[in-house]
Amino acid sequence: MFKQKSFQTVAGVDLHLESLVADDGAFPRYWHLLSANERQAAQRFQFEELRRRYAICHGKLRVLLAAYLDMAPEAIEFARHAFGKPYLIGRQQQALALQFNLSHSGDRMLLAVGQRQLGVDIEMWNRRHEPGLLAQECLSADELAYWRRLPDQLQIPAFYRFWTRKESLLKAVGAGIGNGVTDVVTSTEGVPKFLSLPPQCGTIADWCLYDVAVGDDCSAALTVLA
């Protein structure tokens, strides 16, 4: 079984950008790959569209990881860390070294696969949200001051750029988004980098930060252990 071609490779990490839309002919394939727990999780969604996206997302996750592990997608086993970050378990030696992280938003998913601790985040821009309120809740003082100086048309992409950077770091660490998010401070201009981190996230020298281009009306970021 050959590894499927990645969307792009950044710092030795393969990134896979996938659609969460599948026709009625393709959907059953993804559904049948899921574990019993994953099917139960899908059924908890109230709306059919969300149930389908969940099933497609986790089905594609299994297909993509199976190509790295050279095993059947349905045979892959997952466990979760204390804060919910999934990881591979099982008898395959490759599973002990392979690191991955999954993010999804709207009808897109982004999977990062590598050999180091990592986190990835993708976010569709939601123009119905009030960006000023979100910025006050999520940005550091310096980030917020920079954001407020921007023209209106640049504020939404800038907010989601900051948001995905912070979320990718917290996912790499395995912490929740509410855990010190304003204390995760990144560069406002120039090369993406962390300027300050809360103690539970280590030091700025521990992590490399990358913005990922994923198309219009969408932002993404990758954090990788240095």
Side-chain angles (χ1 to χ4, degrees), residues 1-42 50-81 84-124 164 167-168 171-174 207-215 218-226:
M1 184 180 297
F2 295 95
K3 182 175 70 173
Q4 295 193 21
K5 185 177 180 180
S6 58
F7 160 64
Q8 61 178 282
T9 299
V10 177
V13 175
D14 290 341
L15 297 174
H16 299 270
L17 180 65
E18 296 281 334
S19 170
L20 297 182
V21 178
D23 59 32
D24 290 341
F27 177 76
R29 178 196 177 204
Y30 298 118
W31 181 261
H32 289 303
L33 294 178
L34 303 183
S35 68
N37 287 338
E38 288 169 330
R39 292 179 188 176
Q40 290 174 3
L50 298 181
R51 287 195 291 270
R52 289 177 67 94
R53 284 180 179 175
Y54 178 95
I56 295 166
C57 182
H58 288 79
K60 286 191 171 185
L61 169 65
R62 288 177 170 275
V63 170
L64 291 167
L65 290 180
Y68 288 89
L69 299 170
D70 193 23
M71 61 189 297
E74 60 271 26
I76 295 175
E77 297 179 83
F78 300 100
R80 290 184 178 273
H81 293 294
K85 183 179 181 180
Y87 62 95
L88 292 163
I89 58 174
R91 295 186 299 273
Q92 274 66 25
Q93 182 65 31
Q94 302 99 310
L96 300 178
L98 195 69
Q99 300 284 319
F100 77 94
N101 195 232
L102 173 68
S103 179
H104 55 86
S105 181
D107 61 359
R108 301 180 201 179
M109 62 172 274
L110 184 62
L111 173 67
V113 183
Q115 299 291 325
R116 293 178 288 167
Q117 191 174 347
L118 52 82
V120 71
D121 189 53
I122 185 171
E123 297 290 341
M124 303 291 293
T164 54
E167 176 72 346
S168 71
K171 291 182 70 179
V173 174
W207 303 103
C208 297
L209 173 64
Y210 304 91
D211 292 331
V212 181
V214 287
C218 192
S219 297
L222 168 72
T223 295
V224 184
L225 190 67

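Sequential numbering from 1 along the given sequence is applied to the chain's residues. Remember, predicted model here, so these are calculated numbers, not experimental data.
Side-chain atoms of Lys60 come within 3.5 Å of backbone N or O of Ser19 as a donor-acceptor pair. With Lys85 contributing its side chain and Ala172 its backbone, the two residues share a donor-acceptor pair below 3.5 Å. Not a single donor-acceptor pair under 3.5 Å links the side chain of Arg116 to the backbone N or O of Gly12.
Side-chain contact between Leu111 and Val120 is absent, with no heavy atoms from C-beta onward closer than 4.5 Å. No side-chain heavy atom of Leu225 sits under 4.5 Å from any side-chain heavy atom of Gln99. Put simply, the side chain of Tyr210 does not reach to within 4.5 Å of the side chain of Val13, judged on heavy atoms. Counting heavy atoms from C-beta outward, His16 and Val63 have side chains that stay 4.5 Å or more apart. Between Leu102 and Pro86, every side-chain heavy-atom pair lies at or beyond the 4.5 Å cut-off. In this structure, the side chains of Arg53 and His104 stay at 4.5 Å or more apart for every pair of heavy atoms.
Counting all heavy atoms, side chain and backbone alike, Asp24 lies closest to Pro28 at O-CD, 3.1 Å. Nearest heavy-atom pair across Ala55 and Tyr30 is O-CB, 3.9 Å. Between Ile122 and Cys218, the shortest heavy-atom contact is CG1-SG, 3.5 Å. Considering all non-hydrogen atoms of both residues, Gly119 and Asn101 come closest at CA-OD1, 3.4 Å. When all heavy atoms of Ala72 and Ala66 are compared, the pair lying nearest together is C-CB, 4.2 Å. The shortest heavy-atom contact between Thr9 and Asp14 is OG1-OD1, 2.9 Å.
Shown are Ser219, Ser103, Ser168; of these, the side chain to side chain donor-acceptor pair (under 3.5 Å) with Asp121 is made only by Ser103. The side-chain contact (heavy atoms from CB on, under 4.5 Å) with Leu34 is formed by just one residue from the set Glu74, Arg39, Gln40; it is Arg39.
Contacts of Ser105 classified as side chain to side chain donor-acceptor pair (under 3.5 Å), with partners at least two apart in sequence or in another chain: none. Remark: Arg62 engages Glu38 in a side chain to side chain donor-acceptor pair (under 3.5 Å) (not counting sequence neighbours).
Atom NE2 in His58 sits 11.5 Å away from atom CH2 in Trp31 (nearest 0.5 Å). A distance of 11.0 Å separates CG in Leu110 from CD in Glu123, rounded to the nearest 0.5 Å. To the nearest 0.5 Å, atoms CG (Leu61) and CE (Met109) are separated by 6.0 Å. To the nearest 0.5 Å, the span separating CG on Leu69 from CG on Leu88 amounts to 6.0 Å.
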(request) With side-chain contact (heavy atoms from CB on, under 4.5 Å) as the test, would you mind laying out the steps for Val212 and Leu15 before giving the verdict? (result) CA-CA 9 Å; Val212 181; Leu15 297 174; 3.9 Å; yes
(request) List the steps and the verdict of side-chain contact (heavy atoms from CB on, under 4.5 Å) for Leu98 and Leu65. (result) CA-CA 9 Å; Leu98 195 69; Leu65 290 180; 4.2 Å; yes
(request) Starting from the C-alpha separation in whole Å, work towards a yes-or-no answer on side-chain contact (heavy atoms from CB on, under 4.5 Å) for Phe78 and Ile89. (result) CA-CA 6 Å; Phe78 300 100; Ile89 58 174; 5.9 Å; no
(message) Could you go through Asp107 and Arg52, starting from their C-alpha distance and side-chain angles, then the distance that decides it, and tell me whether this counts as salt bridge (charged side-chain N to carboxylate O under 4.0 Å, His left out)?
(response) CA-CA 10 Å; Asp107 61 359; Arg52 289 177 67 94; over 6 Å; no
(request) Take Val224 and Trp207 through the side-chain contact (heavy atoms from CB on, under 4.5 Å) test and state the conclusion after the steps. (result) CA-CA 6 Å; Val224 184; Trp207 303 103; 6.0 Å; no
